[in-house]
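Structure first, then comments.
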Amino acid sequence: MVVPSKDYNRIVVKIGSSLLVDRKSGLKRDWLSSLADDIASLRRVGTEVLVVSSGAIALGRRLLELSSGALKLEESQAAAAVGQIELSRAYSEALGKHDLTAGQVLLTFGDTEQRRRYLNARETVSTLLKMGAIPIVNENDTVATSEIRYGDNDRLAARVATMIGADLLVLLSDVDGLYTAAPGTSLSAQFVEVVGRITPDIEAMAGDAGTELSRGGMVTKIEAGKIATAAGTAMVIASGKDIHALRHLFQKDGRATWFKPHENPVTARKKWISGQIDVSGSLSIDNGAYAALVNGKSLLPAGVKRVDGEFSRGDVIAVKSMDGTKVGCGLVAYDHEDAASIAGCKSAEIEKVLGYAGRSAMIHRDNLVLHGSHHLVEEHDA
Ligand code: GLU
């Protein structure tokens, strides 16, 4: 596969734990030094680079000499505290040899999922890039608890890539790309070089390719691909096992799976909406309402047949067809109780039902992102 000739201006590179940390010998300094060389080469041609690096927990558990096997939450939080400081120092030293300055950014789930905090994080990271520093991002594992964490750096990296409008997200790990079936389980498994669109067939190809050191398998990589490509960011999955993996990806026409970005990326606001990782509820709508949405209209209460989950006004929720297929998502104008009360009502009846004059739309079209599946339209027409 020939690497697309387009010059990338802003690249996010996600590094999997197993590339950086060896269970016995610890931090792989030669590997990190080759990565720093590659980053320096990209910077020299004017490409901005942001690194999302895993490895804090893996490194910390080695430094603390914890036994192998699953860690309790508080143990992995402690391991992250020890590992992260070492990881940052190693990046800072490796990049420093090229006169590059590293800036540590630790994010928690809410930093990308809550709009105000998202704008704040975006500002900080953009300023770091403007100043010529290399942001080294990780999840703030020491304070993240299980219910409110990304848990894997693939999706975190995709959120960060879309947040800063990167044109490419590179996922370097110990897997070299996507196969039509899990390699090893099927003799007919074939390597996929280019994915034009992440369809259910592509999702079905993602077996669980996770390793002991990292949480993210192919499933989270495909999830990351959905977030990135919908926002106009291309993504590539490549093996980072050899040194200079990044350089080889661009120069050597190496083995990798490329995911093409959508051609009509949504606006910045809609990017944020469509990339939301956890949605708190859903509205199920009838075919007439779906057809109206496809024609660019807002979602009115009249077309809503079911309300599920618990959500507040302003939350991002899913929009589903009656068979349960997710057709989009958007910022809802009512909390779940009020939404249930006015579901099926005409907009003119809202005041009478709720006792106050609310918005006429349940989800305004400016706050709505459709997944753009023509397949559904055909099904409904049939
Ligand atoms: N944030 C975790 C760490 O640095 C890694 C998560 C992942 O493996 O995706 O150890």
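Sequence positions, counted from 1, serve as the residue numbers for this chain. Only this structure's heavy atoms are used, side chains among them; waters, hydrogens and symmetry mates stay out. Computed from a predicted model, the values in this text were never measured in an experiment. All ligand and atom numbering here is 1-based and tracks the order in the structure.
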task: Describe, in one word, how the ring planes of Y334 and Y356 are oriented to each other, choosing from parallel (under 30°), tilted (30 to 60°) and perpendicular (over 60°).
output: tilted

query: By number and element, which atoms of ligand 1 are closer than 4.0 Å to a non-hydrogen atom of D152?
result: 9 (O)

- prompt: Does the side chain of F259 come within less than 4.5 Å of V236's, by heavy atoms?
  reply: no

task: With R255 as the cation and F191 as the aromatic partner, state whether NZ or CZ is under 6.0 Å from the six-membered ring centre and within 45° of the axis.
output: yes

Region of D141 engaging ligand 1 - heavy atom pairs below 4.0 Å: side chain

- prompt: Are any of the side-chain heavy atoms of L300 and M362 separated by less than 4.5 Å?
  reply: no

query: Any heavy atom of G55 sitting closer than 4.0 Å to ligand 1?
result: yes

message: Please work out, at 4.0 Å between heavy atoms, whether the side chain, the backbone, both, or neither of N153 comes within that distance of ligand 1.
response: both

task: State whether the shortest distance between N or O atoms of A58 and N or O atoms of ligand 1 falls below 3.5 angstrom.
output: no

query: Just which atoms of ligand 1 are under 4.0 Å from any heavy atom in N138?
result: 1 (N), 3 (C), 4 (O)

task: Would you check if I164 and V12 make a side-chain contact, meaning some heavy-atom pair closer than 4.5 Å?
output: yes

statement: The atoms of ligand 1 lying under 4.0 Å from a heavy atom of S54, numbered in the order shown, are 4 (O), 5 (C), 7 (C), 8 (O), 9 (O)

query: Should the pair R89-E86 be classified as a salt bridge under the 4.0 Å nitrogen-to-oxygen rule?
result: yes

